[in-house]
Amino acid sequence: MRRISIKSSMLLMSVLATGLLTSACTSTFSGDTIDYKSAGEKKGPNLAFPPDMTAMGGDKRYVVPDGGATLSGYSTAVQTKPTGKETVLPAVSGMKIERDGNRRWLVVSKPAKDLYPSVREFWQETGFILLTDSPETGIMETDWAENRAKIPQDIIRRTIGKVFDSLYSTGERDKFRTRLEVNSKGETEVYITHRGASEELTGTDKSQTVWANRPNDPELEAEFLARLMQRLGYTETAARASVGQKSTVAANAPSRLKKDKQPRLEFASNFDRAWREVGVGLDRSNFTVEDRDRSKGIYYVRFVNTNDLSPESKSFFSNLFSKTSADDLKKAKRYRVHVKDVEGNVTVTVQDEKGANELGETAVQILTLLDQQVGR
């Protein structure tokens with residue numbers, strides 16, 4: 001359990017007696033390892049979580065109320081529930097999991113425009129607010145949310161948490177980006193990528209906190225892929241079998257970055273694999289992908305060069321409640337990430353907004369971020 005502030009601990013003591021009485025009557029237990037429902041209860045901007053400087057305009061319409069359940073209601077549902085194949089959600093034909101190292105993605109033989117609404121509903125039902133909801137580009141992104149299932153369910157938590165649940169925090173936040181991509185066969189590929197942040201104590205007396213990035217979690221991505229498969233018609237057993245077991249990938253994989261006259265990444269693979277790896281790398285690195293053109297091998301992205309920011313804004317990513325000006329937000333410039341295959345040699349370069357090659361520090365900075373993700 002994370003540290004509770006002095007003010008919060010005083011409040012905790014004031015409600016202890018009430019909580020003890022309440023706990024004698026009610027208790028809640030859950031074996032689930034994921035619970036982001038609390039995110040869906042927030043009606044306005046979430047100031048408790050670290051925002052992104054490069055995020056596209058938010059759409060807060062998709063808020064899911066978290067209703068309660070009773071034993072009598074459950075019993076009635078079981079008694080009236082039909083038996084047989086009618087109890088299974090309509091299956092999506094031609095659905096499978098592909099994987100490459102620790103990357104997994106879902107492939108569905110269904111047009112992206114028809115699949116998109118079901119994927120959107122999946123995130124809503126899971127309890128997330130969608131900050132980005134773009135059917136035109138096939139991209140949706142959630143707000144930062146806390147996995148409340150990570151909070152230990154000890155006797156104090158079960159007692160006080162009922163009265164004032166917000167006193168408890170994991171000190172971690174997660175957000176997820178989903179991208180629907182049409183491959184060369186006309187199938188729809190669904191990628192789910194995770195970003196994490198953790199609250200860390202700082203200062204000489206450890207009395208302040210800052211938010212810092214924590215590593216992407218491929219297994220959490222796989223968990224949500226399995227749950228999405230269930231939403232689309234698979235049974236839990238079949239979905240988890242399709243996702244498979246955790247794989248290990250060498251952390252010290254050789255760099256693909258070349259910093260000579262034309263900064264670039266070099267791939268010893270075909271275009272399809274390079275295009276996929278770059279797309280996942282952009283998602284995991286929190287670039288804003290505004291559009292893409294697979295036929296031309298171009299991702300259109302926004303990127304904030306830290307050298308363009310004011311000193312106050314450079315610490316923005318680690319300072320939870322700091323403010324940033326509109327001028328700093330405008331410094332998220334547009335670039336093109338170009339994936340090119342010439343006779344089996346695939347390279348990735350960076351271009352400016354008009355298509356001219358970037359040769360300086362910005363290109364190296366963007367490619368370095370991608371190099372930390374692709375092939376890892």
Side-chain angles (χ1 to χ4, degrees), residues 1-2 30-40 46 48-50 52 55 64 97-107 119-132 139-153 169-181 189-200 211-232 234 236-251 276-277 279-287 372-376:
M1 185 179 70
R2 295 290 299 182
S30 174
D32 201 351
T33 58
I34 289 179
D35 174 20
Y36 290 96
K37 281 291 186 179
S38 57
N46 193 344
F49 307 148
D52 293 317
V64 181
I97 287 286
E98 297 279 359
R99 67 182 299 165
D100 183 2
N102 69 354
R103 290 175 174 78
R104 301 173 180 88
W105 63 97
L106 182 62
V107 181
V119 180
R120 173 200 286 148
E121 290 168 2
F122 163 74
W123 287 113
Q124 296 168 10
E125 292 165 359
T126 307
F128 285 93
I129 296 172
L130 292 179
L131 292 184
T132 299
I139 295 174
M140 60 189 80
E141 186 171 51
T142 72
D143 193 5
W144 290 99
E146 180 180 36
N147 184 4
R148 304 291 291 175
K150 283 189 172 184
I151 299 176
Q153 295 293 321
S169 172
T170 62
E172 294 181 355
R173 300 293 184 268
D174 301 297
K175 71 184 309 181
F176 299 88
R177 180 178 293 174
T178 307
R179 178 165 49 87
L180 277 63
E181 182 87 32
E189 299 176 347
V190 182
Y191 299 89
I192 294 177
T193 50
H194 162 259
R195 286 190 61 229
S198 59
E199 192 177 15
E200 299 180 357
W211 287 96
N213 289 329
R214 78 178 202 273
N216 306 98
D217 188 341
E219 298 312 308
L220 190 55
E221 296 169 353
E223 173 67 26
F224 276 102
L225 278 174
R227 292 181 179 224
L228 176 59
M229 292 182 75
Q230 293 178 61
R231 176 63 175 76
L232 296 177
Y234 265 45
E236 180 179 356
T237 302
R240 295 193 181 281
S242 298
V243 170
Q245 297 181 346
K246 178 179 180 179
S247 61
T248 57
V249 179
R276 179 177 65 248
E277 291 198 17
V280 173
L282 289 170
D283 290 339
R284 285 181 173 174
S285 302
N286 197 41
F287 287 86
Q372 293 169 356
Q373 294 294 339
V374 297
R376 300 299 194 267

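Just so it is clear, the values below take in all heavy atoms, side chains as well, and ignore hydrogens, waters and symmetry mates. These numbers come from a predicted model, not from an experiment.
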Does a salt bridge link [X] with [Y], judged by any charged N lying under 4.0 Å from a carboxylate O?
X      : Y      : result
Glu98  : Arg103 : no
Arg214 : Glu172 : yes
Glu221 : Arg104 : no
Arg276 : Asp100 : yes
Arg284 : Asp217 : no

**OP:** Using distance alone, with no hydrogens and no angle criterion, decide if Asn216 and Gln373 have a side-chain donor and acceptor under 3.5 Å apart.
**Re:**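 The criterion, which ignores hydrogens and geometry beyond distance, is satisfied for Gln373 and Asn216.
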Original post:
Side-chain donor-acceptor pair under 3.5 Å between Thr178 and Trp123, yes or no?
Top reply: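 Yes - a donor-acceptor pair under 3.5 Å links their side chains.
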Going by heavy atoms in the side chains, are [X] and [Y] under 4.5 Å from each other?
X      : Y      : result
His194 : Lys175 : no
Ile192 : Arg177 : no
Arg179 : Asp283 : yes
Val190 : Val107 : no
Glu146 : Tyr36  : no

Specify the closest pair of heavy atoms between [X] and [Y], including all atoms of both residues, with the distance to one decimal.
X      : Y      : answer
Tyr234 : Ser242 : CE2-OG, 3.7 Å
Gly196 : Asp174 : CA-OD1, 4.1 Å
Ala226 : Ala239 : O-CB, 3.4 Å

Original post:
With Thr142, which of Leu131, Leu130, Thr132 fulfils side chain to side chain contact (heavy atoms under 4.5 Å, CB included)?
Top reply: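 Answer after filtering Leu131, Leu130, Thr132: Leu130.
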Subject >> Parallel, tilted or perpendicular: rings of Phe128 and Phe224 (30°, 60°) >> reply: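 Ring orientation, 0 to 90° scale: perpendicular.
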Original post:
So Arg173 and Asn147, side chain to side chain contact (heavy atoms under 4.5 Å, CB included) or not? Walk me through it.
Top reply: CA-CA 7 Å; Arg173 300 293 184 268; Asn147 184 4; over 6 Å; no
Kindly compute the distance separating [atom1] ([X]) from [atom2] ([Y]), expressed to the nearest 0.5 Å.
X      : Y      : atom1 : atom2 : value
Glu141 : Phe176 : CD    : CZ    : 11.0 Å
Arg99  : Leu106 : CZ    : CG    : 14.0 Å
Glu121 : Leu232 : CD    : CG    : 10.0 Å

Original post:
salt bridge (Lys or Arg N to Asp or Glu O under 4.0 Å) with Glu125: which of Arg227, Arg120, Arg231?
Top reply: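 Answer after filtering Arg227, Arg120, Arg231: Arg231.
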